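Here's the structure we're looking at; comments come further down.
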Protein chains: 2
Amino acid sequence: MFISTYENKLDKKGRVSVPAAYRSYLSSQGYNSVVCYPSFTNSSIEFCPQDRLEKIIESIDTLSPFEENRDIFSTSILANSFQLNFDTDGRVTLSEKLLNHTGIKEKVLFVGQGKTFQMWDPMSFKKFSDDARKKASLKRSELKWKQTN
Amino acid sequence: MFISTYENKLDKKGRVSVPAAYRSYLSSQGYNSVVCYPSFTNSSIEFCPQDRLEKIIESIDTLSPFEENRDIFSTSILANSFQLNFDTDGRVTLSEKLLNHTGIKEKVLFVGQGKTFQMWDPMSFKKFSDDARKKASLKRSELKWKQTN
DNA sequence: CCATATATTCCCATGAAATCCCATAAAAAG
DNA sequence: CTTTTTATGGGATTTCATGGGAATATATGG
């Protein structure tokens, strides 16, 4: 399972170490690479084992080759995905696209999400999680109010 | 599988390098050439292994109710299809027909579509992709439904 | 059937980017 | 405190995209 968070450094060559805990989980599942794509809802990169993307491909493949939806789905998902291979020391190289989407400069924050994990710029993540916390407390009071009525 | 995008240069001789990642996937599947045809719905060229084209033609056969339509449809694909062989450095040569359909001049954008890939003029693709992203967020729930069924 | 032009493919050189490999530092484990 | 694992830096090597010359194939006209 991917849990906890890890902050690692992006070097001059654009490489970053994937946390050893994540790597050992991946290899225990039989993977030696990961697939990733920019999140649709926030400025993180989502990572998942390759077979997850393969499932998406299979479901797209059920659509007719001349249906508009096929191109729309595959373009918005597959064209923006990357397969990242680990080097011999467990690092991956991040492309310009991925850096731009996240705003990552110096540090990379890995955030475990159970079956997947994310990469964030540490600052962006702090904003995001603070925001999430506020929203949660607003909703909580809303919920309490509804409960008493 | 074919994912991500790669922008390569068209040289004076009309050659372009097929991304190494795509070539290695093709050869892992036992192919050393590709078949391509102009898309019916947009200004890209569709690439696929040869047996896939045969499958597409079969599916046209079963889908179209009128025999006449079938013939027109499948011959129009076949007549406009090319088999492109890789040279010793992994390049293919693009014919005038293909260049005209796409509007490609200097740069060739390869776009992964899972089991197939496309070639685009970078500008045309940007337009298409911005549009696709908007439509995808509207229709994503539709895809999810199909995945579970 | 040959000769010339044109296009196609092979082959090698180059520069840039990706990857390997090793050294060292920092952290964790025993 | 010692040993092992992990993260990081950087030089060495390999891969890849690209350009262009040489060799081969194909077409066209006489």
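In what follows, chains are A, B, ... by sequence order, proteins preceding strands, each numbered from 1. The analysis underlying the following values was restricted to heavy atoms, covering all of them including side chains, and did not include hydrogens, waters or symmetry mates. All of these numbers come straight from a predicted model, not from anything done at the bench.
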Given atom [atom1] of [X] and atom [atom2] of [N], what is their separation to the nearest angstrom?
X        : N      : atom1 : atom2 : value
A:Gln83  : C:dT19 : CD    : P     : 11 Å
A:Leu10  : D:dG10 : CG    : P     : 14 Å
A:Phe86  : C:dC21 : CZ    : P     : 17 Å
A:Phe110 : D:dT6  : CZ    : C1'   : 13 Å
B:Asn85  : C:dC10 : CG    : P     : 9 Å
A:Glu7   : C:dA27 : CD    : C1'   : 16 Å
A:Glu96  : C:dA17 : CD    : C1'   : 13 Å
A:Asp87  : C:dC21 : CG    : P     : 10 Å

Under 4.0 Å from OP1 or OP2 of D:dA7: is there any side-chain N or O of A:Lys9 that close?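 False: A:Lys9 side-chain N/O out of range (4.0 Å or more) of D:dA7 OP1/OP2.
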
So, is A:Arg15 near the phosphate of C:dC20, with a side-chain N or O under 4.0 Å from OP1 or OP2?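 It does not, given that no N or O in the side chain of A:Arg15 lies less than 4.0 Å from OP1 or OP2 of C:dC20.
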
Between the side chains of B:Lys134 and A:Ser76, does any donor sit under 3.5 Å from an acceptor?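 Short answer, no.
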
Which atoms form the tightest heavy-atom contact between A:Ser17 and A:Asn8, and what is the distance? O-ND2, 2.7 Å

A:Tyr25-A:Val108 co-clustered via ILVMFWY side chain contacts under 4.5 Å: yes

Salt bridge A:Asp89-A:Arg91, side-chain N to carboxylate O under 4.0 Å: yes

Side-chain-base donor-acceptor pair under 3.5 Å for B:Asp89 and C:dC11: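 Answer yes: a donor N or O sits under 3.5 Å from an acceptor.
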
Under 3.5 Å donor-acceptor pair, A:Lys13 side-chain atoms to D:dG11 base atoms: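 Per atom types, the contact qualifies.
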
Side chain of B:Pro19: nearest nucleotide among C:dC21, D:dA7, D:dA17?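 Nearest to the side-chain atoms of B:Pro19, counting from C-beta on, is D:dA17.
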
Which nucleotide sits closest to the side chain of A:Thr93: C:dT9, C:dT19, C:dC22? C:dT19

Identified ring-ring contact (aromatic ring centres under 6.0 Å, His included) partner of A:Tyr22 from the options A:Phe117, A:Phe86, A:Tyr31: A:Phe117

